[in-house]
Q: 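Quick one: the structure is below, questions incoming.
We name chains A, B, ... by the order of the sequence lines, and we start the count at 1 in each one.
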There are 2 protein chains.
Amino acid sequence: MKDRRGGGRDRPGLSHEKVLRKALELADRDGLAALSIRSLAQGMGTKPMTLYYYVANKDQILDGLVDLVFTEIDTPEAGGEWKEQMRRRAHSAREALRRHPWAVGLLESRKAPGPATLKHHEATLGTLRAAGFTVQQTARAYSLLDSYIYGFALQEAALPIAGHEPTAEVAGPIMERFATGEYPHMVEIATQVVMQPGYDYGNEFTYGLELILSALEPAPAD
Amino acid sequence: MKDRRGGGRDRPGLSHEKVLRKALELADRDGLAALSIRSLAQGMGTKPMTLYYYVANKDQILDGLVDLVFTEIDTPEAGGEWKEQMRRRAHSAREALRRHPWAVGLLESRKAPGPATLKHHEATLGTLRAAGFTVQQTARAYSLLDSYIYGFALQEAALPIAGHEPTAEVAGPIMERFATGEYPHMVEIATQVVMQPGYDYGNEFTYGLELILSALEPAPAD
DNA sequence: GTTATCTTTCGTACACTGTACGAGAAGGGT
DNA sequence: ACCCTTCTCGTACAGTGTACGAAAGATAAC
């Protein structure tokens, strides 16, 4: 047989982490639906069943992908001003989820949070507690902030793929119904806001985030 | 051959809507992953390919499911006080998404909003506009509210299935790491909040919603 | 060197998925 | 009797995740 096992030093072989990294790459490039064991193996230059030596099953790969995404989110530090910490965390979370839109849909079905996910949550909770939030207040604030972040990411993922194209193809069949004047307010929003030259939906994120942060305060509220 | 075509009046035959309704039922009962064309056909007493007379493909079924869920959400009326309208809408949306948790993950990938979805959005936008929000303010408020609703539903869907069981099975493998004291704040939240006797995570929804509604006002803010 | 033991690769096979294609039955209109 | 529309479904195919077990390569024991 040929010399398998990779040609020496330049490809030191597979590993759990390399499988996950390649899976991330493929999911970003071709979408999560195109990520199959076979395509993943091909992308790594091996055969499908080889992957099962490094990974228990596909579900574990998906768990790993979610955890990889959490790796990219800024973890708050214990010292700084809490609102600024939460602001940074929120923005970096949104950006990570926009880089990997498929991760949002994955969140719903994951049952086993990975180490990066746990570390991230722990650090965030710690920052809030250190800022003077009670345990109950921390739970509430965290739920509120994360709900907003995930929800915004979900909406952003549901939007048409590219940025500011005419959205013609997607809206095509619906446009007929719009032309009937059935949805005047949606048309209003579309023409006066969304389709405006410099409009970027991402900016709306800041608005909502600041509104929430303004209303959040540790001690007084019960 | 036997007399197919359903025995007379009591089963008047299939229809697009009946297929969707059965799909909803199966998704609720066995989970979205268990919803296959074959299982759906069997549940309706037909053969797989028969469904394709009423439905273009599975993706259209999923689109229809999401639209069915929107059917269950209270649509705001033009007349009432806007905050109360938004409150009702938000709560009924959360409840609908809790009844059909799989719908949350589906939202990310749907590209063709159905009629009920469009009607719902249109009515909601109309209520905000009628309350004095400018077009831009409406877009922002809507984005904020929906992000919170969807995000909360996403988190709720990601929680362990039942309500207030010990969560032992899910947390099992992770518990070891918890025992090491690696995640003190998560333990704190778990013991002092989540695992408290009467605790219901759903109540946190109200807290965040009211916080957001309090900070939202039509005219003055820009 | 030889043999035994791990580590790592992967070929084959199975049950399952969505669905293209096309045959044919049921019923109505002429 | 004929056609035509409406509807049902059998067969087949390419794709999925993965169980099982055979083998090759590396390392250790003798």
Side-chain angles (χ1 to χ4, degrees), chain A residues 1-24 26-27 30-66 102 105-106 109-112, chain B residues 1-20 22-24 26-27 29-66 102 105-106 109-112:
Chain A
M1 295 290 165
K2 290 270 277 303
D3 180 356
R4 309 230 152 248
R5 193 61 200 67
R9 280 273 154 267
D10 51 350
R11 204 190 57 138
L14 290 337
S15 73
H16 183 85
E17 196 184 310
K18 278 184 185 169
V19 172
L20 290 185
R21 267 193 213 298
K22 194 72 182 183
L24 185 87
L26 289 187
D30 306 326
L32 188 64
L35 178 67
S36 69
I37 296 288
R38 283 165 171 79
S39 68
L40 182 52
Q42 183 164 352
M44 308 194 68
T46 10
K47 301 300 161 67
M49 290 314 292
T50 301
L51 300 183
Y52 283 93
Y53 184 76
Y54 301 96
V55 150
N57 47 43
K58 188 172 180 182
D59 227 59
Q60 192 182 88
I61 296 183
L62 299 182
D63 284 343
L65 284 184
V66 171
W102 42 263
L106 229 42
S109 54
R110 293 308 99 191
K111 302 240 169 276
Chain B
M1 296 291 165
K2 291 270 279 302
D3 181 357
R4 309 227 153 249
R5 197 57 200 70
R9 280 273 154 265
D10 52 349
R11 205 190 57 139
L14 287 341
S15 75
H16 184 85
E17 197 183 310
K18 278 183 185 169
V19 172
L20 291 184
K22 194 71 183 185
L24 185 86
L26 289 188
R29 185 151 56 82
D30 306 327
L32 188 64
L35 178 68
S36 69
I37 296 290
R38 284 166 171 83
S39 68
L40 181 52
Q42 182 164 355
M44 306 193 70
T46 8
K47 301 299 161 67
M49 290 315 290
T50 302
L51 300 183
Y52 283 92
Y53 185 76
Y54 301 96
V55 152
N57 49 41
K58 188 174 180 181
D59 228 58
Q60 194 184 84
I61 296 183
L62 299 182
D63 283 344
L65 284 184
V66 171
W102 42 263
L106 229 41
S109 54
R110 293 309 99 193
K111 301 241 169 279

Q: Starting at CG of L51(B) and ending at P of dC7(D), how long is that distance when rounded to a whole Å?
A: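 Taking CG of L51(B) and P of dC7(D), I get 14 Å after rounding.
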
Q: With heavy-atom distances below 4.5 Å as the criterion, would you say the side chains of V55(B) and I37(B) are in contact?
A: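 No, their side chains stay 4.5 Å or more apart.
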
Q: Answer yes when K111(A) and D63(A) have at least one side-chain N-carboxylate O distance shorter than 4.0 Å, and no when they do not.
A: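 So K111(A) does not pair with D63(A) through a salt bridge.
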
Q: I need the NZ-P distance between K18(A) and dT8(C), as an integer number of Å.
A: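 Going from K18(A) (NZ) to dT8(C) (P), I get 13 Å.
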
Q: Minimum heavy-atom separation for K47(A) to A41(A), with atom names?
A: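 Heavy-atom minimum between the residues: C-CB, 3.5 Å.
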
Q: Please determine whether a side-chain nitrogen or oxygen atom of Y53(A) lies at a distance below 4.0 Å from atom OP1 or OP2 of dT8(C).
A: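 Y53(A) to dT8(C) OP1/OP2: side-chain N or O found under 4.0 Å.
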
Q: L20(B) and L65(B): which non-hydrogen atoms are nearest, and at how many Å?
A: O-CD2, 3.7 Å

Q: Could I get the full list of side chain to side chain contact (heavy atoms under 4.5 Å, CB included) partners for L26(B), not counting sequence neighbours?
A: R29(B), D30(B), L35(B), S39(B), L40(B)

Q: Could you state the CD1-C1' distance from I61(A) to dG17(D), rounded to the nearest angstrom?
A: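 Spelled out: CD1 on I61(A) to C1' on dG17(D) is 10 Å.
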
Q: I'd like to know if the side chain of R110(A) reaches the main chain of G64(A), judged simply by a donor and an acceptor atom lying under 3.5 Å from each other, with no hydrogens or angles considered.
A: no

Q: If only side-chain N and O atoms of Y54(B) are considered, is one of them under 4.0 Å from the OP1 or OP2 phosphate oxygen of dC7(D)?
A: no

Q: Tell me, for nucleotides 17-23 of chain C in 5' to 3' order, what letter each nucleotide earns: B for a base near a protein heavy atom under 4.0 Å, S for only sugar-phosphate near one, - for neither?
A: BBBBB--

